[in-house]
Amino acid sequence: MPAGGLALQYENPWTVPNMLSMARMGLAPVLGYLIVEENFDVALGVFVLAGVTDLLDGFIARNWANQKSALGSALDPLADKILISVLYVSLTCANLIPVSLTSMIILRDVALIAAVFYVRYKTLSPPRTLSRYFNPCYATAQLKPTLISKMNTAVQLILVAASLAAPVFNYVDSIYLQTLWCITAFTTVTSAYSYYHYGRKTVQVINNK
């Protein structure tokens, strides 16, 4: 056992859900380019494809025990955050989402990603080398998103879908779209507070003996 009493759990990072999450990350810059170039109809189709990968990786991880991993518990939400951040920045550049809302979402996600890196550092037993820190085969902690955080991700994705469809179906100035901005802002702030409030309850250290 490594010094510090923490037994690392070695796991296979190349599971189907993890590869789907990585594919979702790869689709993020493609979507960003399509939106900036105002190819909204194609972007909407690619966004649906990204959504399918999100549904599939969760379904597979829940129903096949050998496909579930601690890495996946971090990789799945990380892929969502990268995808959402790129989409919101791109949609803001296309004047479909206000700058203030996008700034709020990105600040929250940057804080959560920084927290993930901190948790990884704190739960990795000495020696804390870069090779061990970034080795996905060694799992030290599993993340458990709060309920409001899951709801927030859903609301954010609904707003993205509605915003992408707006120029295609001509409802860019809809009051319903603006109402969705307010709902998204509320759930974003609330989910950020939930992580602050629950803190350690959202992190499960593996094999802490």
Side-chain angles (χ1 to χ4, degrees), residues 15-28 31 44 46-65 67-89 91 97 101-120 123 136 139-165 176-177 179-206:
T15 62
V16 174
N18 290 351
M19 287 189 284
L20 287 171
S21 292
M22 288 186 280
R24 194 155 67 256
M25 291 183 194
L27 288 175
L31 272 167
L44 190 57
V46 176
F47 175 71
V48 170
L49 176 61
V52 169
T53 68
D54 195 15
L55 292 174
L56 276 178
D57 68 27
F59 175 79
I60 293 171
R62 284 191 301 271
N63 289 279
W64 282 271
Q67 294 295 308
K68 189 174 183 179
S69 65
L71 174 64
S73 74
L75 198 59
D76 179 41
L78 178 62
D80 289 340
K81 284 170 178 44
I82 290 173
L83 181 66
I84 286 172
S85 295
V86 170
L87 284 168
Y88 273 82
V89 170
L91 288 166
I97 288 179
L101 178 57
T102 295
S103 300
M104 182 187 301
I105 290 169
I106 289 177
L107 283 173
R108 169 193 174 271
D109 286 351
V110 167
L112 289 179
I113 290 171
V116 168
F117 279 101
Y118 175 75
V119 168
R120 173 64 169 173
T123 56
T140 58
Q142 189 162 359
L143 304 181
K144 298 184 289 184
T146 62
L147 176 61
I148 185 63
S149 178
K150 293 178 181 179
M151 292 172 60
N152 176 58
T153 299
V155 170
Q156 288 180 349
L157 291 173
I158 289 170
L159 177 56
V160 166
S163 299
L164 279 174
Y176 298 109
L177 199 57
T179 301
L180 196 51
W181 294 348
C182 297
I183 295 172
T184 304
F186 175 76
T187 59
T188 298
V189 172
T190 306
S191 66
Y193 176 76
S194 74
Y195 278 109
Y196 170 78
H197 179 73
Y198 291 107
R200 294 182 179 179
K201 292 181 180 178
T202 62
V203 178
Q204 179 184 349
V205 177
I206 297 174

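The figures that follow rest on heavy atoms only: side chains count, while hydrogens, waters and symmetry mates do not. Numbers for residues simply follow the sequence, beginning at 1. Nothing here was measured: the structure is a model prediction, and the numbers come from that model.
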Exercise for the section: Kindly determine whether Ile148 and Tyr193 satisfy side-chain contact (heavy atoms from CB on, under 4.5 Å), including the steps that lead there. Expected result: CA-CA 10 Å; Ile148 185 63; Tyr193 176 76; over 6 Å; no
Completion exercise
By salt bridge (charged side-chain N to carboxylate O under 4.0 Å, His left out), Asp54 pairs with (sequence neighbours left out) Arg24
Problem - Any donor-acceptor N or O pair under 3.5 Å, side chains Ser21, Asn18 - result: no
Practice task
Apply side chain to side chain contact (heavy atoms under 4.5 Å, CB included) to Val46 and list each qualifying residue two or more places apart in sequence or on a separate chain.
Solution key: Leu27, Leu31, Leu34, Val42
Exercise for the section: Give the C-alpha distance, both sets of side-chain angles, the deciding distance and a yes or no for side-chain contact (heavy atoms from CB on, under 4.5 Å) between Phe186 and Val155. Expected result: CA-CA 10 Å; Phe186 175 76; Val155 170; over 6 Å; no
Practice task
Give the minimum heavy-atom separation between Tyr88 and Thr184, together with the two atoms involved.
Solution key: OH-CG2, 3.9 Å
Problem - Any residue meeting side-chain hydrogen bond (donor to acceptor under 3.5 Å, both in side chains) with Thr188, in chain and number order, not counting sequence neighbours - result: Asn152, Gln156
Problem - Pairwise distance CG(Leu91) to CD1(Ile97) - rounded to 0.5 angstrom - result: 4.5 Å
Atom pairs and distances, side-chain donor-acceptor, residues 103-114, under 3.5 Å, sequence neighbours left out:
unit_1, atom_1, unit_2, atom_2, d
Ser103, OG, Val99, O, 2.9
Arg108, NE, Ser191, OG, 2.8
Arg108, NH2, Ser149, OG, 3.3
Arg108, NH2, Ser191, OG, 3.4

Exercise for the section: Mind checking the CD1-CE spacing from Ile183 to Met151? Nearest 0.5 Å is all I need. Expected result: 10.5 Å
Exercise for the section: Would you check if Leu159 and Leu101 make a side-chain contact, meaning some heavy-atom pair closer than 4.5 Å? Expected result: yes
Problem - Ile82 versus Ala28, closest heavy-atom pair with distance - result: CG2-CB, 4.2 Å
Fill in the blank from the handout: Heavy-atom nearest pair, Ala161 first then Leu44, reads O-CD1, 4.0 Å
Practice task
Could you pull out all residues at least two apart from Phe117 that satisfy ring pair (Phe, Tyr, Trp, His ring centres under 6.0 Å)?
Solution key: none
Problem - Euclidean distance, Leu83 CG relative to Leu157 CG, rounded to 0.5 Å - result: 7.0 Å
Exercise for the section: Check side chain to side chain contact (heavy atoms under 4.5 Å, CB included) between Phe59 and all other residues, then give those that pass, not counting sequence neighbours. Expected result: Arg62, Asn63, Trp64
Handout entry: Point-to-point distance, once rounded to the nearest 0.5 Å, from CG of Asp76 to CE of Met22
Key = 12.0 Å
